[in-house]
Protein chains: 2
Amino acid sequence: MTPQTRSPSGYSTWRLIAEELRSEIVDESLAPGTRLPTERELVERFGVHRHTVRQAVATLATEGLVARRQGSGTFVVERPRLVHRIGLRTRWSDSLGHRADASPGVLLEAGPDPCPPADVVMSLDLHERAALRTEMVRSVDGLALVRTTDWFVAAAVPDFARHYRDVGGSTTAALRAIGIDDYLRVSSTITARLATFAESTDMDLPGGAVVLVVRGLDALPDGTPLRYGISRFRADRVELNVDT
Amino acid sequence: MTPQTRSPSGYSTWRLIAEELRSEIVDESLAPGTRLPTERELVERFGVHRHTVRQAVATLATEGLVARRQGSGTFVVERPRLVHRIGLRTRWSDSLGHRADASPGVLLEAGPDPCPPADVVMSLDLHERAALRTEMVRSVDGLALVRTTDWFVAAAVPDFARHYRDVGGSTTAALRAIGIDDYLRVSSTITARLATFAESTDMDLPGGAVVLVVRGLDALPDGTPLRYGISRFRADRVELNVDT
DNA sequence: AGAAATTTGTGCGTATGTATG
DNA sequence: TCATACATACGCACAAATTTC
């Protein structure tokens, strides 16, 4: 485990240990409220110096994942986790709209996209039609939980950005103002990866954060494609749910 | 980006750059078959020494994610990606069974679990009944893609391990041999995190690999809970799909 | 209440790894 | 290849808070 004996992985020992412990916490193998193994036990388990274990736990403490109490131990902090349901009607308002502490979505950008990715062109049939792209961040309790990029068929959602701001940051309400009362989720594709630098900046993520990426296609009840969206969720604070 | 100006993250600079590029490849921002930016461009973009970007790209090349061609450039390698469908009937046989190169599941362990996690006890109503736990790895083309842990109500699946081996590594077939012809997915919960040391060993994952974690509850058509499963997928090779 | 054991917090010194130039 | 600056990991010692007996 020492840098001398390990092959160069690009990960420091304390970071590896920190991520191992984080996995167990996110997984609830270490349940909220319970005590972490003592530093002595962690030293034993990982075969490293106490300072190394301490630096690992220190980063988790800085992130607010655990709380250390001198003489007593280190404890897993209880943290609310957002459950985002994926189904026929997938709406932010259902997942975080009812929470008193949910802020409206912040529109970072909205404008024409001259050259959307190939799968977006395909899904929305944008060969002959212009695309509108929106970039948003959504937060709960001051914590950014999701970063979204959406494409619309521009002609179908006139003045989207203005309506979005007018209704106070709700996509569903903005679409209703335009005259679109209902839309359905056709399919969702879920992947996961490490956050990019840009995402870490936009969502203020800790180092090495994992994001859940959901690509979804929404259509009008008659089947006309309406929106192609890419949502990137903080994986340590959000879980996706599919009921069948 | 220099070690002097960065706050200590536990990641070496080349590792950060490697993971950034990997995210773009997994995301298909850098599509299969396309050329990576030149070393010169990467040096420019990340503001680091040429040795540093070379080490980053070298790691991706070792993993087979990119191929370097002298005088030509570095290219993103095309790699098959497994799509695992989540729906009412979620079966391995549907996702990877029809592939000629799919190996049967390898049963690592099967036996009584005296003390399953709280949510498993709850979902399967194991307060008074014994639990059977199975641990498996499933591979395609010699590449381990998923590591599963399943709990059954022991009394409902007598001799499961024997049947599983007899039918050659298929859960659905083993259950049929026991007399269970059909079962349905009740709900699925999806999270993501870095792989643990144990998972990295079992699935032979590269350092810092991300896993998609799916917790699912299966029940008999009459609603009796049958199985609670935790599946951990290699996130760089598997995507989940939900059609609604 | 008090002593001992346990657990986290802190300091210094040394050797090695990392990234730049 | 070498020099420089910083980060990492280890070894040892002791302090402070809490729990245990």
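All heavy atoms count here, side chains included; hydrogens, waters and symmetry mates do not. Computed from a prediction, not measured in an experiment: that's the story for all the values here.
The backbone N or O of B/Asp119 lies less than 3.5 Å from a partner atom in the side chain of B/Ser123, making a donor-acceptor pair. At distances below 3.5 Å, at least one donor-acceptor pair connects side-chain atoms of A/Thr38 with backbone N or O atoms of A/Glu41.
Closest approach to the A/Trp14 side chain among D/dT8, C/dT8, C/dT20 is made by D/dT8 (side chain taken as heavy atoms from C-beta onward). Closest approach to the A/His49 side chain among D/dC10, C/dA19, C/dT20 is made by D/dC10 (side chain taken as heavy atoms from C-beta onward).
Distance A/Arg50 CZ to D/dC14 C1': 11 Å, rounded to the nearest Å. Look at OH on B/Tyr11: it is 15 Å from P on C/dA19, rounded to the nearest Å. Here C/dT18 presents its C1' atom at 13 Å from CG of B/Leu16, a figure rounded to the nearest Å. Regarding A/Ile17, its CD1 atom lies at a distance of 10 Å from the C1' atom of D/dA9, rounded to whole Å.
The side-chain contact (heavy atoms from CB on, under 4.5 Å) check on B/Asn241 picks up A/Thr189, B/Val83, B/Arg85, B/Asp243, with sequence neighbours excluded. Residues satisfying the salt bridge (Lys or Arg N to Asp or Glu O under 4.0 Å) criterion with B/Glu199, sequence neighbours excluded, are B/Arg193, B/Arg232. Looking at residues two or more places apart in sequence or on another chain, you find a ring pair (Phe, Tyr, Trp, His ring centres under 6.0 Å) between B/Phe233 and B/His84, B/Trp92.
Considering only side-chain N and O atoms, A/Arg54 lies under 4.0 angstrom from the phosphate OP1 or OP2 of C/dG9. Phosphate proximity of C/dT18 to B/Thr13: absent, as no side-chain N or O sits under 4.0 Å from OP1 or OP2.
In the region residues 55-63 of chain A, proximity to DNA chain C at under 4.0 angstrom, judged on heavy atoms, holds for none of the residues.
Residue pairs meeting the salt bridge (Lys or Arg N to Asp or Glu O under 4.0 Å) criterion with at least one member in residues 65-75 of chain A, sequence neighbours excluded, are A/Glu39-A/Arg68.
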Which protein N or O atoms sit under 3.5 Å from an N or O of nucleotides 1-7 of chain C?
residue: C/dT7; atom: O2; partner: A/Gly71; partner atom: N; Å: 3.3

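A donor N or O paired with an acceptor N or O is found under 3.5 Å between the base of C/dG11 and the side-chain atoms of A/His51.
Salt-bridge annotation for B/Glu63 and B/Arg234: absent, with no side-chain N of the basic residue lying under 4.0 Å from a carboxylate O of the acidic one. Here B/Glu44 does not pair with B/Arg40 in a salt bridge; the nearest charged N to carboxylate O distance is not below 4.0 Å.
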Worksheet item: Stepwise, does the side chain to side chain contact (heavy atoms under 4.5 Å, CB included) test hold for B/Val77 with B/Leu65?
Response: CA-CA 6 Å; B/Val77 171; B/Leu65 208 61; over 6 Å; no
